[in-house]
Amino acid sequence: MTELKQQIIDYIVKNSDIFTNLSDEIWANPELSLKEYRSAALYEKVLEENGFRVEKNFDDIETAFTGTFGSGHPVIGILGEYDALSGLSQERGALSHKPLKSGAPGHGCGHNMLGTGALAAAFGIKHYLETSGHEGTVIFFGCPGEEGGAAKAFMARDGIWKDLDAALTWHPEDVNEVKTGTNNSTIQIMYDFHGVSAHAAGDPEHGRSALDAVELMNTGVQYLREHMTSDCRVHYAITDAGGVSPNVVQEHATVLYMVRAGKVRNCVELLKRVDKIAEGAALMTETNFTRTFIDGTADLVPNFTLENVLFENFKEVGLPTYTDEEISFAKALSSTCPENTAPGFASKFDDTIREFTEEHSEHGKCGINNFLIPLYHSTAFQAGSTDVGDVSWETPTAQIHVAGFVNGAPGHSWQNVSCGGSSIGHKALLQAGKVLACAAVDLYEKPEILKEARAEFEKRTACGYVCPIEDGAKPIAI
Ligand SMILES: [Zn+2]
Ligand SMILES: [Zn+2]
């Protein structure tokens with residue numbers, strides 16, 4: 001560990017209350033996607049008080065903002081998120097499902113940690129730029145609506161990420177690893193069908209059923225499914241069935257569609273086929289429909305050069321130490337989760353790494369996976385989507401996972417809310433801040449790394465970015 005990096009780590013530790021208190025505050029006041037008014041205001045205040053230049057309402061998105069420090073290149077973006085999930089209210093540190101308030105939201109994806117860990121990194125980088133006098137800029141991006149809304153993808157449509165030399169971020173998981181591989185692309189569209197209401201028995205010939213149109217659309221898509229490539233998925237939810245009276249011809253009905261494909265350009269093409277089915281359903285039922293673009297995300301472009309930098313720094317920073325109390329809590333909480341003997345992405349593909357993780361996780365019994373999974377590079381596809389994907393099409397991007405959840409904890413679970421509000425969550429976010437800040441220092445200090453990362457990025461994105469966000473669309477909270 002160089003003295004320079006040690007100073008950054010010391011600075012993050014010295015200021016740790018700022019990050020852990022903010023994490024707790026956001027954990028205790030969870031806000032849904034694109035409605036993170038309180039959380040965004042808290043971040044903006046902390047950034048302003050600590051010498052960052054703050055831009056609110058960034059890219060015309062109310063709960064998006066940036067905090068900038070420094071000038072000139074390299075420009076490193078640090079991505080933070082802070083939205084919660086509905087229905088996941090949960091008592092902090094509890095070992096069973098105990099909502100604090102029934103039906104209320106909760107931080108089941110750990111974005112209370114994600115944003116504040118990223119903030120810790122931005123603080124560490126600012127300290128480095130200040131004390132070293134090195135030319136360069138750090139921008140903390142407050143990215144709302146990751147769970148729904150995909151603000152980063154809207155920003156990508158507007159070319160925001162093109163100005164960066166690199167972007168770094170992290171996500172709490174049940175392991176410590178450098179993220180590699182890719183995710184799938186997704187697009188959501190709301191189809192609102194409009195028909196003509198009538199008495200279903202007395203006057204049916206004058207009725208035109210919007211619900212029939214939704215049903216026919218769903219049937220049409222059912223036939224489409226056989227004729228898609230195997231990486232594609234089409235999901236739907238009927239969000240308005242036109243009322244609860246069967247004796248009324250439904251004048252309105254709405255279906256929300258989500259299409260997925262391994263590659264974003266294929267996702268856009270698949271959506272065109274779903275649109276045609278909507279048109280067919282309207283034609284058959286003599287109804288019409290309005291189509292509202294909701295959001296979309298691209299597949300993730302990995303960057304092995306940056307993954308190497310993150311891994312070296314993860315190794316150098318070392319891992320947190322846990323108290324006996326934290327370990328027994330983690331073991332007890334982990335015992336409520338599905339069995340997970342070989343955690344981590346690479347364990348699914350690499351036998352040596354799988355043996356390593358089996359052994360180190362004590363065959364899934366360790367509670368918290370307090371070890372770093374060996375470096376593994378992959379372009380393999382992992383189901384699930386993230387709007388970090390869109391960032392990665394415009395600038396070299398890389399991420400780490402830090403164990404902020406217990407072994408085996410399912411995504412979006414009460415276990416994650418319970419753990420993410422505990423001292424284990426604090427340790428995870430500080431860990432992420434340290435690793436990302438130290439990795440960024442390498443990017444400022446060694447221009448050849450950024451050059452290599454850029455060359456790799458150019459090669460991987462040579463086919464061009466097809467943005468899933470339609471022109472003129474605005475982020476919508478649904
Ligand atoms: Zn999530
Ligand atoms: Zn998440």
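For reference, positions follow the sequence shown, starting with 1.
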Checking Ser33 now: which residues fulfil side chain to side chain donor-acceptor pair (under 3.5 Å) with it, not counting sequence neighbours? Asp83

Contacts of Asp17 that satisfy side chain to side chain donor-acceptor pair (under 3.5 Å) - sequence neighbours left out: none

Are Asp295 and Gln188 linked by a side-chain donor-acceptor pair shorter than 3.5 Å? yes

Give a yes-or-no answer on whether the side chains of His401 and Glu177 include a donor-acceptor pair shorter than 3.5 Å. yes

Which atom names give the shortest non-hydrogen contact between Cys337 and Gly408, and what distance separates them? CB-O, 3.4 Å

Non-neighbouring partners of Glu362 that pass salt bridge (charged side-chain N to carboxylate O under 4.0 Å, His left out), sequence neighbours left out: none

Counterpart residues, ring-ring contact (aromatic ring centres under 6.0 Å, His included), relative to Phe329 (two or more places apart): none

Please check this pair: side chain of Thr239 against backbone of Leu256, looking for a donor-acceptor N/O pair closer than 3.5 Å. no

Are the side chains of Val402 and His171 in contact, using a 4.5 Å heavy-atom criterion? no

Does Asp390 reach the main-chain N or O of Ala298 with its side chain, forming a donor-acceptor pair under 3.5 Å? yes

For the rings on Tyr444 and Tyr128, is their centre-to-centre separation under 6.0 Å? yes

ring-ring contact (aromatic ring centres under 6.0 Å, His included) partners of His377, counting only residues at least two apart: Phe304

Backbone N or O of Ala261 within a donor-acceptor pair of the Arg233 side chain at under 3.5 Å? no

Please identify each residue that fulfils salt bridge (charged side-chain N to carboxylate O under 4.0 Å, His left out) with Glu359, with sequence neighbours left out. none

Residue set satisfying side chain to side chain donor-acceptor pair (under 3.5 Å) with Gln6, at least two apart, ordered chain then number -> Asp10

Phe293 vs Ile187 side-chain heavy atoms within contact, under 4.5 Å: yes

Is the side chain of Asn416 donor-acceptor paired with the backbone N or O of Ala409 at a distance under 3.5 Å, no angle test? no

I need the minimum non-hydrogen distance between Ala28 and Arg92, along with the two atoms involved. CB-NH2, 4.4 Å

Listed by chain and number, what are the ring-ring contact (aromatic ring centres under 6.0 Å, His included) partners of Phe154, not counting sequence neighbours? none

Do any N or O atoms from the side chain of Gln431 and from the backbone of Leu429 form a donor-acceptor pair under 3.5 angstrom? no

Is the closest side-chain donor-acceptor distance between Thr180 and Ser378 under 3.5 Å? no

Gap separating the OH atom of Tyr322 from the OG atom of Ser328, nearest 0.5 angstrom: 14.0 Å

How about Asp299 and Asn183: does a side-chain donor come under 3.5 Å of a side-chain acceptor? no

Between the main-chain N or O of Val466 and the side-chain N or O of Arg265, is there a donor-acceptor pair closer than 3.5 Å? no

Contacts of Phe381 meeting ring-ring contact (aromatic ring centres under 6.0 Å, His included) (sequence neighbours excluded), chain-then-number -> none

Report yes or no: do Glu358 and Thr341 form a side-chain donor-acceptor pair below 3.5 Å? no

Would you say the side-chain atoms of Thr461 pair up with the backbone N or O of Gly464, donor to acceptor, closer than 3.5 Å? no

Would you verify whether the NZ or CZ of Lys56 falls within 45 degrees of the ring axis of Phe65 while also being under 6.0 Å from that six-membered ring's centre? no

Are side-chain N/O atoms of Ser385 and Arg260 paired as donor and acceptor at under 3.5 Å? yes

Please verify the inter-ring angle class for Tyr43 with Tyr82; under 30° counts as parallel, over 60° as perpendicular, anything in between as tilted. tilted

By salt bridge (charged side-chain N to carboxylate O under 4.0 Å, His left out), Asp174 pairs with (sequence neighbours left out) none

Between Asn340 and Asn407, do the side chains contain an N or O donor and an N or O acceptor separated by less than 3.5 Å? yes

Between Phe140 and Phe69, is the ring centroid distance below 6.0 Å? no

Which residues satisfy the salt bridge (charged side-chain N to carboxylate O under 4.0 Å, His left out) test with Glu31, sequence neighbours excluded? none

Answer yes or no: is there a donor N or O on one side and an acceptor on the other, between the side chain of Arg38 and the main chain of Lys35, under 3.5 Å? no

So, using side chain to side chain donor-acceptor pair (under 3.5 Å) as the criterion, who are the partners of Glu339 when residues are at least two apart? none

Is a side-chain N or O of Glu445 found less than 3.5 angstrom from the main chain of Asp442, in a donor-acceptor match? no

Angle between ring planes, Phe371 versus Phe356, binned at 30° and 60°: parallel, tilted or perpendicular? perpendicular

From OH (Tyr257) to CD1 (Ile294), nearest 0.5 Å: 14.5 Å

Would you say Leu271 and Glu470 make side-chain contact, with heavy atoms under 4.5 Å? yes

Thr131 side chain vs His127 backbone, donor-acceptor pair below 3.5 Å: yes

Return the minimal non-hydrogen interatomic distance between Pro468 and Val268, and the atom names on each side. CA-CG2, 4.4 Å

What's the separation between atom NZ in Lys152 and atom CZ in Arg157, rounded to the nearest 0.5 Å? 15.5 Å

Would you give the length of the straight line joining atom OG of Ser39 to atom CD of Glu44, rounded to the nearest 0.5 angstrom? 10.5 Å

Does a donor on one side chain sit under 3.5 Å from an acceptor on the other, for His73 and Asp165? yes

Where do Asn184 and Ala383 come nearest, in terms of heavy atoms and distance? ND2-CA, 4.1 Å

Verify the distance criterion only: is there a donor paired with an acceptor across the side chains of His412 and Glu147 at less than 3.5 Å? yes

